[in-house]
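Below is one structure, written out as structure tokens; the observations come after it.
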Amino acid sequence: MGTTARPPCLAGFILQLARFLSCPRPSACSSLSASTLGLRVHRLCAKPDSSMAAPAARCSRASLLAAVFAAVLLVLVAGTHVDAAGTTTTAAAKSATTAAAATSSKSITATLCTKGVRTRKELRDLTTAELDAVKKAFVMLYKTGRIAHYVNMHRDNSAVAHNSPHFLIWHRAMLAMFEAEFLAAAENKVAGLPYWASTLDAAEPSKSQVFTSKYFGSSSGCLDGAFAGFVHDDDGKCVSRALQQGAWVVEPVQAILTRASRNSYSAFSTYVEYGSHAAVHNGVGGDMANLLKSPWDPLFWMHHAGVDWFWSKWQAQSAANAAMYDGKHNNQPVSKTEDVNGFVANDLLDYQKTLCYVYADPGAGTPSTNTTTSTSSTASSSSTTSVPATKTSIDTKSTSTTSTSTSTPAPTSRPSPPDWLHGLTRIPDLGAFSDDFLASFQFPRARLDAVMSHVRVAQRWAGKRLVDGQSLPSLNDVQNIDLGAVEKLLTDAAASLADDAPKTVSADAAGAAEETNTPGKSGAVAQAVGSGVAVLAAVAAVAAVVV
């Protein structure tokens with residue numbers, strides 16, 4: 001008589017399943033798994049005393065079926081998926097990883113960058129005073145021979161810094177050295193080295209405000225405006241541009257490739273070097289299309305800071321991405337302990353800690369247009385007034401202190417952020433690379449062809465979403481991009497970029513994958529499955545009551 005009656009096996013299982021299905025978020029259900037759910041059902045079915053022997057025998061079989069049933073349901077409703085690398089990841093784990101990465105960044109900047117963190121802003125987010133300081137800094141660095149110094153550095157290291165996994169990390173090191181001198185020349189009137197988000201101009205480069213007297217001057221002929229008179233120190237020819245017809249890599253395509261290459265730093269580096277980076281160098285033309293001359297143009301520095309911004313977006317996908325550095329150069333694997341232009345590679349990966357800068361996304365630093373003056377909360381100035389021009393001169397702990405500045409807002413006239421970021425009416429094809437550009441940059445043809453085929457797949461996928469009226473992927477939401485079956489095509493292809501014969505992907509194959517599993521279909525399937533589970537649970541509950 002002292003024994004408490006237990007519910008029938010099926011009813012007990014339904015109670016446990018209902019508890020799982022009612023969880024408000026995946027993390028709240030972390031204690032429930034297929035095995036624990038089955039175990040709980042087994043315990044419900046276990047005999048409390050000898051008088052329950054017969055029911056227990058029947059329940060032992062029911063608990064086994066319940067465990068199997070629980071496993072199937074958990075897979076369907078928990079949001080678990082297996083990515084291209086074969087790693088099982090739940091939505092809760094993704095959130096935890098992102099949160100951990102964010103916490104890590106905050107703790108790093110709080111403990112090591114004790115005098116502040118420099119903020120690199122998109123060049124069109126600069127105030128008029130900041131933009132003037134930027135132009136004056138380039139003029140001073142040109143007149144004092146420091147631009148020539150970096151032109152020579154870039155030329156002398158071209159074999160290491162290009163067509164290899166060193167591309168991103170070597171240029172990050174050079175940018176860090178240049179930034180120290182640049183900020184001193186700008187009299188610390190800007191918070192950090194500005195960057196150019198070329199993806200914003202990629203659809204129609206000829207219409208970009210960057211090529212106006214307000215910003216960096218004409219798109220054709222010798223540099224003008226603040227940079228008039230810039231000439232090479234070796235041949236005396238003027239630094240020039242010759243804007244080419246054709247589009248560059250637009251943001252949705254860059255975001256897709258960023259996601260598809262998430263499992264390999266070297267693959268992402270190749271995508272950027274042969275994709276967005278190459279398209280702009282070729283497109284701007286003139287000195288920018290010449291590997292050995294390009295640093296003469298101030299746009300080179302804005303462009304490569306933008307390339308570094310792309311990398312920061314790739315790193316932000318996870319803690320693993322933030323620390324990833326792989327690939328081979330001259331058949332030798334790269335190493336996090338190797339010297340990269342005077343820096344330890346691992347220090348360059350953790351740029352917020354060792355170089356003490358962050359990026360403000362485009363539009364985040366746009367000055368207010370409601371008043372004649374603006375106070376910038378993100379503007380920073382260095383506590384030092386001059387920086388020796390050597391690679392060991394960067395003081396990573398005293399790079400900036402928070403300050404306020406009053407200035408007239410920059411006379412920007414770009415559209416509001418939604419149109420500016422995603423107001424594309426089509427996904428344009430890339431402009432053709434010129435023969436002179438290809439001869440100068442010497443991209444291996446097989447690898448270039450492979451990358452271009454991957455770009456076309458990304459363009460097709462984004463174009464289909466545009467036609468279907470779906471939202472386009474953004475660099476601000478890379479980790480949540482779901483490419484469906486096309487993702488596997490691209491991740492497999494990206495993994496092959498380090499091979500001597502990297503994979504190309506045909507548009508036909510991509511189209512077939514889309515027909516099999518179009519983007520967005522997985523969400524509809526999940527919703528249908530969820531509805532089916534609810535119906536099944538209701539039926540089971542009724543059956544339990546009847547039993």
Side-chain angles (χ1 to χ4, degrees), residues 118-126 130-155 157-158 161-162 167-186 188-201 208 210-211 215-217 219 223 225-227 230 232-233 239-241 272-273 276-278 280-281 283-312 341 348 351 355 357 359-360 362 387 389 391 394 399:
R118 297 188 307 281
T119 300
R120 293 181 176 181
K121 300 197 303 187
E122 212 278 334
L123 61 89
R124 284 158 289 196
D125 291 335
L126 298 172
E130 289 172 330
L131 191 57
D132 287 343
V134 166
K135 293 177 181 179
K136 290 177 181 178
F138 274 113
V139 172
M140 178 173 288
L141 292 173
Y142 169 76
K143 289 181 176 179
T144 57
R146 298 312 298 165
I147 295 290
H149 166 77
Y150 287 102
V151 170
N152 294 333
M153 178 190 294
H154 190 256
R155 178 199 63 207
N157 292 276
S158 60
H162 302 89
F167 169 70
L168 289 174
I169 201 166
W170 189 93
H171 283 87
R172 176 173 283 182
M174 185 175 72
L175 284 173
M177 289 184 278
F178 180 82
E179 184 174 38
E181 296 193 56
F182 172 85
L183 294 178
N188 303 308
K189 293 180 180 179
V190 289
L193 181 68
Y195 71 97
W196 179 18
S198 61
T199 47
L200 304 182
D201 306 296
S208 172
V210 172
F211 300 115
Y215 294 98
F216 282 76
S219 62
L223 300 190
F227 311 125
F230 276 31
H232 308 148
D233 65 351
V239 180
S240 65
R241 299 175 188 142
V272 175
E273 182 177 8
S276 297
H277 162 260
V280 172
H281 272 282
V284 174
D287 281 87
M288 280 285 280
N290 187 314
L291 181 66
L292 305 183
K293 302 284 188 182
S294 53
W296 282 111
D297 190 336
L299 271 181
F300 169 91
W301 301 97
M302 304 295 96
H303 175 43
H304 271 275
V307 167
D308 191 70
W309 173 62
F310 291 151
W311 185 16
S312 75
N341 214 1
L348 292 166
Y351 66 96
L355 304 180
Y357 70 84
Y359 285 101
V387 181
K391 67 182 66 179
I394 300 175
T399 53

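Throughout, numbering of the chain's residues begins at 1 and tracks the sequence.
Taking the side-chain hydrogen bond (donor to acceptor under 3.5 Å, both in side chains) definition, one finds that Asp132 meets it with nothing, sequence neighbours left out. Listed by chain and residue number, Phe182, Ala185, Ala186 satisfy the side-chain contact (heavy atoms from CB on, under 4.5 Å) test with Ala137 (two or more places apart in sequence, or in another chain). Under the rule for a side-chain hydrogen bond (donor to acceptor under 3.5 Å, both in side chains), the partners of His281 that lie at least two apart in sequence or sit in another chain are His277, His304. Taking the side-chain hydrogen bond (donor to acceptor under 3.5 Å, both in side chains) definition, one finds that Tyr357 meets it with Arg172, Asp308, sequence neighbours left out. In this structure, the ring pair (Phe, Tyr, Trp, His ring centres under 6.0 Å) partners of Tyr142, at least two apart in sequence or on a different chain, are Phe230. Ser276 pairs by the side-chain hydrogen bond (donor to acceptor under 3.5 Å, both in side chains) definition with Gln254, not counting sequence neighbours.
Ring pair Tyr150/His154: centre-to-centre distance not below 6.0 Å.
More than 12 heavy atoms of other residues, nucleotides or ligands lie within 6.0 Å of NZ in Lys135, so this atom counts as buried by the packing criterion.
The two residues Leu291 and Ser158 have their closest heavy-atom pair at CD2-CB, 4.0 Å. Contact detail for Glu179 and Leu193: the closest heavy-atom pair is OE2-N, 2.7 Å.
Checked by atom type, the side-chain pair His232/Asp287 shows a donor-acceptor distance below 3.5 Å.
Remark: side-chain polar atoms of Arg120 are not paired, donor with acceptor, to backbone N or O of Gly306 under 3.5 angstrom.
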